[in-house]
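Here's the structure we're looking at; comments come further down.
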Number of protein chains: 2
Amino acid sequence: MEVWKEFEQNEITHSIAHHLMAVDALLSRHGYCRVTDVARYLNITKGSASITLKHLKVRGYIEEDHNKFIHPSEKGKHTVRVVVAKRQIIIKFFSEVLRVEPEQAEIDACKIEHLVSSRTGKQLLYFVQFIMSGDGSARDFLNAFRAYQHTPGDAENCNLCEDECQFLEICETGEL
Amino acid sequence: MEVWKEFEQNEITHSIAHHLMAVDALLSRHGYCRVTDVARYLNITKGSASITLKHLKVRGYIEEDHNKFIHPSEKGKHTVRVVVAKRQIIIKFFSEVLRVEPEQAEIDACKIEHLVSSRTGKQLLYFVQFIMSGDGSARDFLNAFRAYQHTPGDAENCNLCEDECQFLEICETGEL
DNA sequence: AACCTTTGTTATATTAGCCAAACAGATGTT
DNA sequence: AACATCTGTTTGGCTAATATAACAAAGGTT
């Protein structure tokens, strides 16, 4: 499979992840969850929620009781745990290490949380764990990075590209 | 707008990004680019390529000459530069800093490159620039992190969660 | 009991992406 | 000139995810 086609092969889509997390959040919050609750929570119509949740049921992510009350299956619970873990790790990295504004960090995390592989998620967790651990070298490094951040970037001393950094200017000219 | 709905609001979808990058790559490689070339490059049917490229044309990302030869507009060129920059930065970070296997790093980068905001991309560039700069504190930190990576993670000393790390086990139990 | 509201499903439509297959036009070969 | 090939578009089908709107069933109120 070509690399670029793996995007659509994701078992967990953005929509599915958020429907599942909604069920989980509503259960924690109110102790129960129905189709209409999910629709209201996600601010979509109940018709849409009904159809998407039917898919989730068919694929074994959620189950329904005799009164149409919804709860995640074991598989669904696992999915929620994994997605939430990735989201938290990514938010932490973006906001506290990179110092991206919390709102932006949350938006970015929300867009990519379900797409980042577990391998990468795990490595990022280790990285954030260590950098936040209070280890001396981590502290020194972070301090040095904070200072570096405030000096304008230097295209000639970038080790990303061979010679000069080709991305610095692009990255500084704003949104896509 | 709710955070979770921003996903679908992305002007540049995965498909659009890759069609545009294909045009760019084919132009560099052969000096010209037609619908069929894009289709072959992306391994999709020319019918699909025809329709998607029509959208790209309507939205001003590409232009056509009298002989149906395609080239990116200024807007399209800018988009390609931005997406490629983000991809390279992400790959570098995942593979060389986190030490994720290059193939996996590429897959992950490909999935998220068009979703990461320019704000976050810029901060990540600075971060990777600095960490790879040869600065002493960066070198020490990286060495310490390499050592840490090889010791099993410790749920009690994780500063991500308040008490114990709730994600360590989840991240170590494999794919979603 | 009659009425109103809530709940959930279904039907229809839209957009984005893909497919396969048919078709139209240009080019090139015999 | 006839045939073959290549190029690009169009048509119809599929899935995912949304929207509206109609509808049936259950529940609660007066």
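Heavy-atom basis, side chains included; hydrogens, waters and symmetry copies ignored. Remember, it's a predicted structure, so these values are computed and weren't measured experimentally. Order of the sequence lines fixes the chain letters, A, B, ..., with proteins taken first and strands second; residue numbering starts at 1 for each chain.
Side-chain contact check for B:Ser137 and B:Asp135: at least one donor-acceptor pair (N or O, by modelled atom type) lies under 3.5 Å. When only modelled atom types and interatomic distance are considered, B:His18 and A:Glu2 share no side-chain donor-acceptor pair under 3.5 Å.
Side chain of A:Lys92 to backbone of A:Val128: no donor-acceptor contact under 3.5 angstrom is found. A donor-acceptor pair under 3.5 Å is formed between the side chain of A:Thr52 and the backbone N or O of A:Ser48. Remark: side-chain polar atoms of A:Asp108 are paired, donor with acceptor, to backbone N or O of B:Ser117 under 3.5 angstrom.
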Donor-acceptor pairs under 3.5 angstrom involving side-chain atoms of residues 59-69 of chain B: please list them, not counting sequence neighbours.
from    : atom 1 : to      : atom 2 : distance (Å)
B:Tyr61 : OH     : B:Glu11 : OE2    : 2.6
B:Glu63 : OE1    : B:His71 : NE2    : 3.0
B:Glu64 : OE2    : B:Lys57 : NZ     : 2.9
B:Asp65 : OD1    : B:Asn67 : N      : 2.7
B:Asp65 : OD1    : B:Lys68 : N      : 3.2
B:Asp65 : OD1    : B:Phe69 : N      : 3.0

Show each protein N/O and nucleotides 16-18 of chain D N/O combination with a separation under 3.5 Å, one pair to a line.
from   : atom 1 : to      : atom 2 : distance (Å)
D:dA16 : OP1    : A:Arg59 : NH2    : 2.8
D:dA17 : OP1    : A:Thr13 : OG1    : 2.3
D:dT18 : OP1    : B:Glu8  : OE2    : 3.4
D:dT18 : OP2    : A:Ser15 : OG     : 2.7

Quick one: which protein N/O atoms are closer than 3.5 Å to N/O atoms of nucleotides 4-7 of chain D? Pair and distance per line, please.
from  : atom 1 : to      : atom 2 : distance (Å)
D:dT7 : OP1    : B:Arg34 : NH1    : 3.2
D:dT7 : OP1    : B:Arg34 : NH2    : 3.2

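When rounded to the nearest whole Å, the span between CZ of A:Phe7 and C1' of D:dT15 equals 15 Å.
In summary, the aromatic rings of B:His30 and B:Tyr41 are positioned with their centroids too far apart to meet the 6.0 Å limit. A ring-centre distance under 6.0 Å is not found for B:Tyr126 and A:Phe145.
Residues satisfying the side chain to side chain contact (heavy atoms under 4.5 Å, CB included) test with B:Arg99, not counting sequence neighbours, are B:Arg146, B:Gln149. For B:Ser50, the side chain to side chain contact (heavy atoms under 4.5 Å, CB included) partners two or more places apart in sequence, or in a different chain, are B:Val35.
Where DNA chain C meets chain A (any atom under 4.0 Å from a heavy atom), the bounding nucleotides read 5' to 3' are C:dT7 to C:dC18.
Using a 4.0 Å cut-off, some side-chain N or O of B:Lys54 falls inside it from OP1 or OP2 of D:dT10.
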